[in-house]
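Lettering of chains follows the sequences in order, A, B, ..., and the numbering in each one begins at 1. Worth knowing before you read on, the calculation uses all heavy atoms, side chains too, and leaves out hydrogens, waters and symmetry mates.
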Protein chains: 2
Amino acid sequence: MRVTIAHVALRAGVSKATVSRVLNGKGETDAATAARVRRVVKELGYVPSARAVSLAKGRTGVVGVLAPNLTRPWIAQVMQGVVDAMASSGHGLMLFTRNVGDDSFQRFAGHVNANAFDGLLVIEPEETVPAVAKMVSAALPVVLISDREAGMGMPVVATGNRPGGRQAAEHLLALGRRRPLVVGGPDGYDCAAERVGSFTAAFAEAGFPVPAHAFFPGDYSGESGRVAVSSAVADGTEFDAVFAHNDLSASGVLQMLGHLGRPVPVDVAVVGFDDAGHAALTAPPLTAVHRPLREIGAEAARMLAVALAGGAVPDEPVEIANDLVVRNSTIVPG
Amino acid sequence: MRVTIAHVALRAGVSKATVSRVLNGKGETDAATAARVRRVVKELGYVPSARAVSLAKGRTGVVGVLAPNLTRPWIAQVMQGVVDAMASSGHGLMLFTRNVGDDSFQRFAGHVNANAFDGLLVIEPEETVPAVAKMVSAALPVVLISDREAGMGMPVVATGNRPGGRQAAEHLLALGRRRPLVVGGPDGYDCAAERVGSFTAAFAEAGFPVPAHAFFPGDYSGESGRVAVSSAVADGTEFDAVFAHNDLSASGVLQMLGHLGRPVPVDVAVVGFDDAGHAALTAPPLTAVHRPLREIGAEAARMLAVALAGGAVPDEPVEIANDLVVRNSTIVPG
DNA sequence: GTGAAAGCGCTAACAA
DNA sequence: TTGTTAGCGCTTTCAC
């Protein structure tokens, strides 16, 4: 049978209460008694039952994390930051994704309602924000990782899409580019809309608004980058730059530009987004906006840990600066 | 205050035991009583406390998952499969990674010792296999996802590295290639060693052993692919193919071959491994071994669910067939 | 400083 | 079919 606190108490010749006190460092305990208890704990290999502790304390030491999925590379990066920070603050982490529709969210909500968590961390909640807000209370802190404005009063760490789009625009503007093509994301996906929106806003502010026909919706894929370039060329649209909302579509852009014999970066400068591993491996290597994703995840987790400890968290969205990694798709090598 | 089973019992005019019976479908209950209880449950919005249930039942409904990290794409894919399958079998999933050294494993072990899990799922346990084996018992089922032989009697789902290396070799052999360069992984990383090992074994069996000087250690990076090719050329090593142990290093190989003016696939055929998203976006598109990673994760999770339900799981490592995706880095287009 | 006792919220024997 | 009674293993008053 499993070793319980009763065994330890018996063997140490004290009450269960004393063992508990020693282990939790609460109340005064005689040094000798404490030492004896600790020795017995070690001898017996006693580890308090997480189940019993959480029932008695009313806290589980576990936070629920809801992510869109794990396969988008940026989310995996963020999650790694979350996992590391949660681990080092001593919390467990129950992971849920909502990639199989409404079911997944219901499952998450079920655990929340069953009081399985001390806190919640939701990555890119988007349309589920109201539902999340509803299940949260003072006793159940939550932190969001999101670029959407409407956090409904919940603490949020931004994901750098908006400033990133602007950085890309400023880079191209500084290089003298005036007529960018824009490869966007699928309708309804905020992250892409934010990147693209801030990009076009920056160009407009500089006096070079991006015309509607220079905008191509995409779907995160390389194919959408290829299609955008070939459509623009077929349409006779003139361009001296391309901003693609992610690395994959930027790769497609480079591929098609190469195929059509448009030299990069001399003729066309290309900027991608994410800088996720293979950006350096395109031909030519891709200039891309790089977001400190792990740090974003870690920061959110740390904020949640603070909230769990009863501390205060920022009212305003927390932004973590990202950087533009300049490679040869915008600057001639040498 | 939170609604408890006592509130429901009081309001429905029955005992707590009856409420429990109705909710868990155990024992016989009068249809009318059951209906009344259910109505009250709904009215009050009662959800049983996960903490109390797990203490009383002796089971948590949660499995512990230990992964190397989330940032390697293949692991993220596997994890997604695990998450989906676990969710649909109604289990929670506590995630741990061991990317910050021994600490992380200790943290995981701590939760295991605290009886926080009903079962364990360990991805690429490698050197931690003995430690994992030690904490497992009949009451704590475990499933490994690993290509290593030594599962120490624990059920295991293979990750397709060995058959994948062989598939790559057979493809190149069928194309008449006889002198492949091999870009391996870092020493001590089994997955790379397994891919490369089965590749070279297949070539040797076909009568074309790969000489030692055609083998280049790598580190998963594109740079290692570039270095391998330029070293081989500098050494005067002749080759008509390259097998890279992952897509990233294969991209580097393509890059350097292009840089050196060696046409692909006419002069050199290149095969990568993983087929993780950007393989189709290299120039030329990369032929790569594709492993059904989500399915691998899902299968392991299903096996664990079976074990949790008291069922039997296979003794032998479960292998899930992977496929070779042929693109233009080995076959001339058209 | 330490022990006894009363929970935390639920499930499971055992009676009735 | 249903209620009563013990737990599950720990924490936490409240006395002493």
Side-chain angles (χ1 to χ4, degrees), chain A residues 1-38 40-41 44-62 92 110-118 139, chain B residues 1-38 40-41 44-62 92 110-118 139:
Chain A
M1 235 220 53
R2 208 186 132 68
V3 178
T4 73
I5 197 173
H7 299 133
V8 176
L10 188 66
R11 177 100 163 239
V14 296
S15 71
K16 296 189 292 173
T18 296
V19 176
S20 175
R21 282 190 197 101
V22 171
L23 259 32
N24 295 300
K26 293 199 173 165
E28 303 296 286
T29 44
D30 181 76
T33 315
R36 185 155 33 95
V37 168
R38 265 188 263 275
V40 173
V41 165
L44 264 38
Y46 169 67
V47 180
S49 153
R51 297 196 277 258
V53 172
S54 70
L55 216 212
K57 281 199 173 147
R59 284 177 286 107
T60 56
V62 174
H111 284 259
V112 173
N113 291 330
N115 249 337
F117 310 129
D118 291 351
Chain B
M1 233 220 56
R2 206 186 135 68
V3 179
T4 72
I5 198 172
H7 299 133
V8 176
L10 188 64
R11 178 101 162 241
V14 296
S15 70
K16 296 189 293 174
T18 297
V19 176
S20 175
R21 280 187 200 104
V22 170
L23 260 32
N24 295 300
K26 293 200 174 167
E28 303 295 286
T29 44
D30 181 75
T33 314
R36 184 155 35 93
V37 168
R38 265 188 263 274
V40 173
V41 164
L44 264 38
Y46 168 68
V47 179
S49 153
R51 297 196 276 261
V53 171
S54 69
L55 217 213
K57 281 199 173 148
R59 284 178 286 108
T60 55
V62 175
H111 284 259
V112 173
N113 291 331
N115 248 339
F117 310 129
D118 290 351

*Should B:P48 and B:I5 count as side-chain neighbours, where that means a heavy-atom distance under 4.5 Å?*
no
*With no hydrogens and no angle check, do the side chains of B:D118 and B:T60 hold a donor and an acceptor under 3.5 Å apart?*
yes
*Could you run through nucleotides 8-16 of chain D and give me one letter per nucleotide, 5' to 3': B if any protein heavy atom sits under 4.0 Å from the base, S if only the sugar-phosphate is that close, - if neither?*
BBBSBB---
*Can you tell me which stems DNA chain C forms when a stem means 3 or more consecutive Watson-Crick or G-U pairs under 3.5 Å?*
C:1-16 with D:1-16
*Can you tell which of B:L23, B:V3, B:V22, B:V47 makes a side-chain contact (heavy atoms from CB on, under 4.5 Å) with B:V41?*
B:L23
*Is the shortest heavy-atom distance from the side chain of A:N24 to the side chain of A:K57 under 4.5 Å?*
yes
*Distance-only, no hydrogens or angles: does the A:R59 side chain make a donor-acceptor pair with backbone N or O of A:S54 under 3.5 Å?*
no
_Checking B:H111 now: which residues fulfil ring pair (Phe, Tyr, Trp, His ring centres under 6.0 Å) with it, not counting sequence neighbours?_
B:F96
*Is A:S54 touching bases, backbone alone, or none of the nucleic acid, heavy atoms closer than 4.0 Å?*
nothing
*Nearest atoms (heavy-atom pairs only) where B:T4 meets B:Y46*: C-CE1, 3.6 Å
*Out of A:T29, A:V14, A:T33, which residue meets the side-chain contact (heavy atoms from CB on, under 4.5 Å) rule with A:R21?*
A:T29
